Amino acid sequence: MGLWAAVHAERRGMKTLLADAGRLGGGASGGLLGALMPHMPDRWSEKKQFQFDALVSLEAEIAAIEAATGLSAGYRRSGRLIPLPKPHLRKIALGHSADAESHWRAGERRFHWHVLDGLPGEGWVDPAAGESGFVHDTLAARVAPRALTAALAAFLREARHVRVLEQAEVTGIDPLRGTASLAGEAVAFGRCVLAAGHRSFPLLEELTPGLQKPLGQAVKGQAALLAADIDPGLPTIFRDGLYVVAHEGGHVAVGSTSENSFADPFSTDEQLDALIEAAREMVPALRGAPVVERWAGLRPKAIDRDPMVGAHPQNRNLIALTGGFKVSFGLAHRLAEAAICIASDANAEFLLPESFAISNHIAVSSR
Ligand SMILES: Cc1cc2nc3c(=O)[nH]c(=O)nc-3n(C[C@H](O)[C@H](O)[C@H](O)COP(=O)(O)OP(=O)(O)OC[C@H]3O[C@@H](n4cnc5c(N)ncnc54)[C@H](O)[C@@H]3O)c2cc1C
């Protein structure tokens, strides 16, 4: 989120210091999966429209970063397959298909929620996984998280208005004085955009009187990368929280666990083994595929589950940009643009859903 914010600041010519406690892209965004999954097309809402617009616009945003840096972000709109193991799920999927025809439209572009009897290609999902057929969604995409963060970081290292500081932890923010404590020194700011992932929550809590509950929490996730000789254009498979994502270069990512309590944030264990087993069960090509990496990270989940964006109600020069939880990659460029518009007193060309406002999350935490 912070990298996209710095990109938007650069484009607007805003003098910016990008400080990261570690290295750029070394947080939850430095993972393996990168699934860009649309919400269900039924019960349409401003939140779903926002995500749809973000997923459609991301393609051009990434192309611009790739053109500027010459680096690939591993993006592809390869779609998604959802097995339908029971007849009633097929009925529901047919309803969603009609919903997608009405809502998944962007100018001339149309995206679909096809309900298939058989599979679009051979040798990817085991046909037995979908006794009642498969959904093929043509809006879903994927990006390689580390390739994207590396491209954004490369863009920022060449930026004219952004200075990058790594291994520089912000230990406190004083919005009244307009200073942040950075490596033992007070650094002055006009506006501060706080995009520290799950670590944004305690920093914001210190500045927010009257809270009854934390503003958010860290939710651990584990994922794995397998090496397999597969077509990188194959659609992502999604079933009951299990993702199988085909990437470029003979890699397939498998994830993710969702853990509210954990002893070690960055260890992997038998919960990941179970996911890999389930993936191999459903995808024959993964049965003999070696695991090349196991990885864990902490997602930022805001108290009201939605992203948390906007000027802090009591400290308007502090702008929150966090809470992307499980869908950050599809939204980050838009949420960051909104945060930078707020920071520069400019109007964005789009509206943020009200539930994303930090004031909404503070109200929920204060009850
Ligand atoms: C296993 C797993 C799978 C996932 N799969 C997907 C997926 O398929 N699709 C998707 O969209 N999302 C997915 N997510 C979620 C996504 O990765 C996160 O929501 C997203 O990366 C959060 O981005 P962020 O910029 O808010 O936080 P981060 O990427 O964690 O970045 C925060 C940055 O702030 C820095 N920082 C922290 N504290 C300070 C401080 N005090 N001072 C200075 N810097 C600080 C950190 O060093 C870090 O670089 C997954 C997450 C996990 C764990």
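For clarity, every value in this text was computed on a predicted model and none was experimentally measured. For ligands, and for the atoms within them, numbers begin at 1 and follow the listed sequence. Residues take their numbers from the sequence shown, with the count starting at 1.
Under 3.5 Å, the side chains of Glu101 and His112 contain a donor-acceptor pair of N or O atoms. Looking at Ser57 and His333, their side chains do bring a donor and an acceptor atom within 3.5 Å of each other. Looking only at atom types and distance, the side chain of Ser132 has no donor-acceptor partner in the side chain of Arg90 under 3.5 Å away. Using modelled atom types, one finds a donor on one side chain and an acceptor on the other under 3.5 Å when comparing Lys326 with Ser258.
Rounding to the nearest 0.5 Å gives a distance of 9.5 Å between CG of Asp126 and CE of Met282.
Note on ring orientation: taking the six-membered ring where Trp is involved, the planes of Phe52 and Trp44 are perpendicular (angle over 60°, cut-offs 30° and 60°).
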Does ligand 1 have any N/O pairs with the protein under 3.5 Å, and how far apart?
unit_1	atom_1	unit_2	atom_2	d
ligand 1	8 (O)	Ala35	N	2.9
ligand 1	9 (N)	Ala35	O	2.9
ligand 1	11 (O)	Lys326	O	3.4
ligand 1	11 (O)	Ser328	N	3.3
ligand 1	11 (O)	Phe329	N	2.9
ligand 1	12 (N)	Lys326	O	3.2
ligand 1	17 (O)	Ala28	O	3.2
ligand 1	19 (O)	Phe325	O	2.6
ligand 1	19 (O)	Ser328	OG	2.7
ligand 1	21 (O)	Ser29	N	3.1
ligand 1	21 (O)	Ser29	OG	2.8
ligand 1	23 (O)	Ser29	OG	3.2
ligand 1	25 (O)	Met1	N	2.9
ligand 1	29 (O)	Ala28	N	3.3
ligand 1	29 (O)	Ser29	N	2.9
ligand 1	29 (O)	Ser29	OG	2.5
ligand 1	30 (O)	Ala28	N	2.9
ligand 1	38 (N)	Arg199	NE	3.4
ligand 1	41 (N)	Val170	O	2.9
ligand 1	42 (N)	Val170	N	2.9
ligand 1	44 (N)	Ala21	N	2.9
ligand 1	47 (O)	Asp20	OD1	2.6
ligand 1	49 (O)	Asp20	OD1	3.1
ligand 1	49 (O)	Asp20	OD2	2.6

